[in-house]
Structure formats: structure tokens, C-alpha cells
Protein chains: 2
Amino acid sequence: MMKMEIGVLVVDDNQMMRRGLRGSLDIEPDLRVIGEAANGEEALALVRQHKPDVITMDYQMPGDNGVVVTEKILEEFPAAKIILLSIFDSEEDVWNAVRAGVRGYLTKKSGDVKELLEAVRSVAAGGTYYPASIAGKLEERRKQPDLTKREMEILTLLADGNTNKEMARILDISDMTVKLHLANLREKLGAVDRTQAVVLAYKKGILHIEE
Amino acid sequence: MMKMEIGVLVVDDNQMMRRGLRGSLDIEPDLRVIGEAANGEEALALVRQHKPDVITMDYQMPGDNGVVVTEKILEEFPAAKIILLSIFDSEEDVWNAVRAGVRGYLTKKSGDVKELLEAVRSVAAGGTYYPASIAGKLEERRKQPDLTKREMEILTLLADGNTNKEMARILDISDMTVKLHLANLREKLGAVDRTQAVVLAYKKGILHIEE
DNA sequence: TTGGTACCTACCCGTTTGGGTAGGTTATTG
DNA sequence: CAATAACCTACCCAAACGGGTAGGTACCAA
């Protein structure tokens with residue numbers, strides 16, 4: 001009555017990573033990699049074709065990232081079981097993935113194959129899988145209020161080295177209002193000043209280092 | 001007279017990455033992976049034992065990072081040919097690796113196997129290998145002056161949300177001096193204010209996001 | 001010995017920031 | 001309909017920051 005094999009779809013743009021994942025999974029007697037996708041479109045096509053039991057999904061990919069692809073897959077196949085794999089594990093990253101509906105989140109840093117296998121089996125059986133460190137970040141994030149759209153704009157402008165007056169001009173609002181948003185955003189992030197605000201925003205994964 | 005096979009040592013703490021690398025290299029007729037190491041000690045031991053023609057070295061590892069391990073290997077075997085593989089490719093990261101004496105630097109983001117093979121063969125033949133994006137960052141970094149020890153201390157304290165007065169107290173110097181270092185450091189980083197200074201420090205890889 | 005670099009201090013002065021307090025409109029949702 | 005959240009503006013005031021200028025010491029290398 002139990003299905004003998006767990007069919008896994010590997011989604012990762014990194015060719016070497018795909019090779020490593022396939023090797024680690026295929027060697028297990030109860031697991032079988034039924035396909036590899038390097039991006040969102042390929043992933044969706046293979047999901048439609050093979051209905052995999054579990055999908056391992058990379059976060060960073062050209063085009064749609066793993067969270068967006070997850071949303072698209074779940075929209076069409078609400079029962080799909082997706083485990084997100086990422087080099088990054090900031091509070092915000094984990095939060096976004098969980099909100100999108102993933103069943104597990106693993107960090108690539110460790111590269112721990114045992115952990116991966118546990119996650120795949122647990123999720124295939126209908127459970128979820130979050131290592132302690134990830135679960136902690138999720139809990140931490142849950143306690144924090146979201147930044148509003150305006151606060152995000154201010155935060156971005158702040159990181160670009162704008163003064164309050166400049167931000168006011170850019171957003172076409174009073175610099176009094178900028179001060180207000182800034183105060184709220186410092187409060188939400190737990191920062192003592194504007195400089196620490198951007199630092200904490202980076203650490204929490206709200207802002208990203210892209211040049 | 002030419003050596004038929006290029007012996008490669010793979011150094012990476014990530015088990016899946018090692019698997020992917022080995023698979024990608026071993027499949028080539030002219031390449032042979034003669035060992036895998038998960039950290040600096042293992043790497044050094046295998047280098048002594050096998051004298052590999054080329055070493056692919058991960059940046060992020062528990063214990064000594066890839067640059068430190070590179071230095072240790074080159075101290076003992078100055079002719080060793082090392083290619084650094086990293087997820088990160090900030091100006092500072094590339095700069096540190098090149099200063100340590102690597103012959104090539106590849107980013108793991110692409111996971112481009114062709115590029116890896118080209119790099120290994122080029123380096124084995126006595127050449128170097130830097131993709132255009134990496135070479136550009138190296139050139140960029142070369143033009144910039146180093147931060148002094150004091151400036152680094154100020155930068156770190158700055159990112160922690162300290163005011164000038166607090167930094168002065170912590171470093172036991174005048175807040176006038178803090179202002180001076182801060183001005184120099186803004187100048188070197190090309191930042192308009194203290195907030196942008198830490199942002200640029202992150203982007204350049206001088207500061208790191210660790211919680 | 002001279003030059004360069006890192007490091008330190010001080011003054012003046014205008015601008016920017018942050019804290020507090022007190023109001024308002026609009027849109028959404030129970 | 002009332003409550004809530006997001007958004008906006010204004011005032012006062014003290015503290016912090018940034019720009020300019022003008023010095024000093026210590027050390028290392030040419």
C-alpha cells in the first residue's frame with residue numbers, strides 16, 4: 001500500500017549542484033530523481049509531466065527565484081511538496097519561503113547529505129522539515145512587524161546615502177514625514193540610529209547587497 | 001614528454017559540492033581527481049601526500065578559510081597551483097585571494113562546468129584564469145587605497161550603531177580624532193555620509209554580514 | 001636626514017539628525 | 001459604523017554630524 005519510491009525533482013540553476021544533489025539522492029534505494037530543471041519554466045513543465053512526490057528548489061536562479069517558482073507551482077498543484085535550498089538563511093528569506101508554502105528549508109552551507117535525505121523523507125511523508133537554526137529565525141521573524149511600503153522606500157534611499165531632505169524631495173513629501181517614517185522604521189528594526197538601521201536591514205535580509 | 005593526466009585535489013567542506021566537482025572533473029579523460037578534502041588540515045595532508053597538479057579550493061570552510069589554507073599550502077609548496085571557488089566575489093574577496101597567490105578565481109553562482117574545466121587546464125599549463133567579471137573587480141580594487149587599522153576599527157564600531165563620542169570612549173581617543181578617521185574613511189570608500197560608508201563597505205566586502 | 005604614513009588633537013560653524021508632542025486624511029476591515 | 005493602519009504635516013530643541021583649517025608625535029624606509 002505504501003509507494004515504494006519517492007520521486008524527486010531537482011530544481012537548481014547550478015550544474016554542479018544539480019550533479020551533487022542527483023548523486024546524493026539517486027544512491028538511496030527509496031529515492032529516485034525523476035528530473036532536473038535549471039529554471040522556473042523547466043521546473044513547471046517537469047512538474048506537470050511527472051508529478052514528483054518532492055521538489056528540491058534552489059532560491060537563487062536566473063529569472064524567477066525559488067520562492068516565485070514555488071508560488072507558481074503551488075497555484076497549479078496545491079499539494080506539491082517543496083523543500084527550499086539556499087545559501088542564504090536570513091529571517092526574511094526563510095519567512096518569504098514559508099509564506100509561499102514550502103514544506104522545508106535547508107541551507108546549502110552545511111551541504112549535509114544526511115539532513116537532505118531526512119528532509120526529503122519527512123516531507124514526502126506529509127511532514128515538514130526545518131533545522132533548529134532555521135526554525136529559530138522563523139520564530140524571530142514572526143515576532144517582528146512588517147515594514148510598510150513607505151518605510152521600505154525610505155530604507156532604500158537611506159542606504160543610497162540620501163539625507164532626509166533629499167528623500168523628501170524624491171518622494172515628494174515633507175521632510176517632517178521622512179523623519180516620522182525613519183523613526184518608525186528604526187523602532188521596528190530595533191536600531192539606535194539610521195546607520196544601524198541599514199546594517200540590521202542587511203542582516204535580517206530586508207535589504208540585499210547587489211551592486 | 002607531456003604528462004598525460006592532470007591530478008586535481010578538491011577542497012570543499014560541502015559534501016554535495018565535492019560530489020558535483022568530482023563528477024564534473026573525473027568524467028574528463030585528461031583530468032583525474034586524486035583526492036577530496038573537507039578542511040584545511042585534510043587539504044594540507046593530501047597535498048603532501050599526492051602533490052596534485054591543481055587544487056580547487058573553497059572559500060568558506062569551517063576553521064581556516066580558503067585563503068588561509070592557500071597561504072599555508074604555498075608556504076610549503078610555492079609552486080602549487082590553486083584555483084579559488086567561492087559563492088562570494090566582492091572586490092575584497094578577490095583581492096585577498098589574489099594576494100594570497102591563487103592562479104584563478106571562479107564564482108560558484110554560475111556553476112558553469114565548462115568554465116571550471118577551462119580554468120583547471122589553463123592553470124595546470126602554468127597560466128592563470130580570471131573571468132571578466134572577476135578581473136574587473138580586481139582592477140577596481142587595485143585602484144583603491146587600503147583602510148588603516150584604526151579606520152577598520154571605526155568602521156566596525158560604526159556598523160554597530162555607535163556615535164562618534166562612544167567610539168572615542170571605546171578606543172580611548174578624542175572624538176576629534178574619530179571625526180578625522182571617519183572623514184578619511186568616507187573619502188576612501190567614496191561615501192557621502194557614515195550610513196553610505198557602511199553600505200559601501202558591505203558591497204565591497206570589507207564588512208561582512210554575520211550575526 | 002628627509003620623506004611618507006599612520007596616528008593624534010583642537011577650534012569654528014553650519015547642517016543634519018533624533019526626541020517629544022499634537023494634529024490631520026484616507027482606505028480597509030471587523 | 002467604528003476601529004485600525006498607513007500616511008501625511010508642523011513645531012520646538014538638543015545632540016550629533018560634517019567641512020575646513022592648523023597643528024602635533026612616532027615610526028619606517030629611501
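The chains referred to below are lettered A, B, ... by the order of the sequence lines, with proteins before strands, and numbering in each begins at 1.
Atom CG in L180(A) sits about 16 Å away from atom C1' in dC12(D), given to the nearest Å. As rounded to whole Å, 7 Å separates atom C1' of dC8(C) from atom NE2 of H181(B). The distance from atom CG of L185(B) to atom C1' of dG18(D) is 13 Å, rounded to the nearest whole Å. Atom-to-atom, CZ of R186(B) to C1' of dT16(C) comes out at 12 Å; the value is rounded to the nearest Å. The interatomic distance linking I154(B) (CD1) with dC7(C) (C1') rounds to 11 Å, in whole Å. In this structure, D146(A) atom CG and dA6(D) atom C1' are separated by 13 Å, rounded to whole Å. Straight-line distance from the CG atom of D193(B) to the P atom of dG19(D): 9 Å, rounded to whole Å. Protein atom CG of L171(A) is 8 Å distant from nucleotide atom P of dC8(D), rounded to whole Å.
Ion pair E140(A)/K204(A) not flagged as a salt bridge, since none of the NZ, NE, NH1 or NH2 atoms sits closer than 4.0 Å to an Asp/Glu carboxylate oxygen.
For T163(A), counting side-chain heavy atoms from C-beta on, the closest listed nucleotide (dC7(D), dT16(C), dC8(C)) is dT16(C). For R194(A), whose side chain is taken as the heavy atoms from C-beta onward, the closest listed nucleotide among dC7(C), dG19(D), dT17(C) is dT17(C). In the set dC17(D), dC11(D), dC8(D), the nucleotide with an atom closest to the side chain of M176(A) is dC11(D). Closest to the side chain of R150(A), from the set dG18(D), dT9(C), dC7(D), is dC7(D). In this structure, of dC8(C), dG18(D), dC17(D), it is dC17(D) that holds the atom nearest to the side chain of N164(B). The listed nucleotides are dT9(C), dG18(D), dT9(D); the one nearest the side chain of S174(B) is dT9(C).
Side chain to side chain, R194(B) and N164(B) meet the donor-acceptor criterion of an N or O pair below 3.5 Å.
Looking at heavy-atom distances under 4.0 Å, T177(A) makes contact with a base. Nucleic acid contact for T148(A): sugar-phosphate only, since backbone atoms but no base atoms lie under 4.0 Å from a heavy atom of the residue. K179(A) comes within 4.0 angstrom of a nucleotide base, judged by non-hydrogen atoms across all strands.
Axis orientation changes by 50° from one end of the helix from dT1(C)-dA30(D) to dG30(C)-dC1(D) to the other, with each end axis drawn from 5 pairs and the value rounded to 10°.
Note: F88(B) and F88(A) have tilted aromatic rings, judged against thresholds of 30 and 60 degrees for the angle between ring planes.
No more than 12 heavy atoms of other residues, nucleotides or ligands sit less than 6.0 Å from atom CD of E75(B).
Rounding to the nearest 0.5 Å gives a distance of 8.5 Å between OG1 of T163(B) and CG of D193(A). Interatomic distance, D13(B) CG to N39(B) CG, rounded to the nearest 0.5 Å: 8.5 Å.
Where K188(B) and N162(A) each meet DNA chain C at their nearest nucleotide, the meeting point lying more 5' is that of K188(B).
Of the candidates V69(A), T70(A), D12(A), V67(A), V67(A) is the only one forming a side-chain contact (heavy atoms from CB on, under 4.5 Å) with Y59(A).
Judged purely by atom type and a 3.5 angstrom limit, D53(A) uses its side chain to pair as donor or acceptor with the backbone of G7(A).
Put simply, K149(A) has no side-chain N or O that comes within less than 4.0 Å of OP1 or OP2 on dA6(D).
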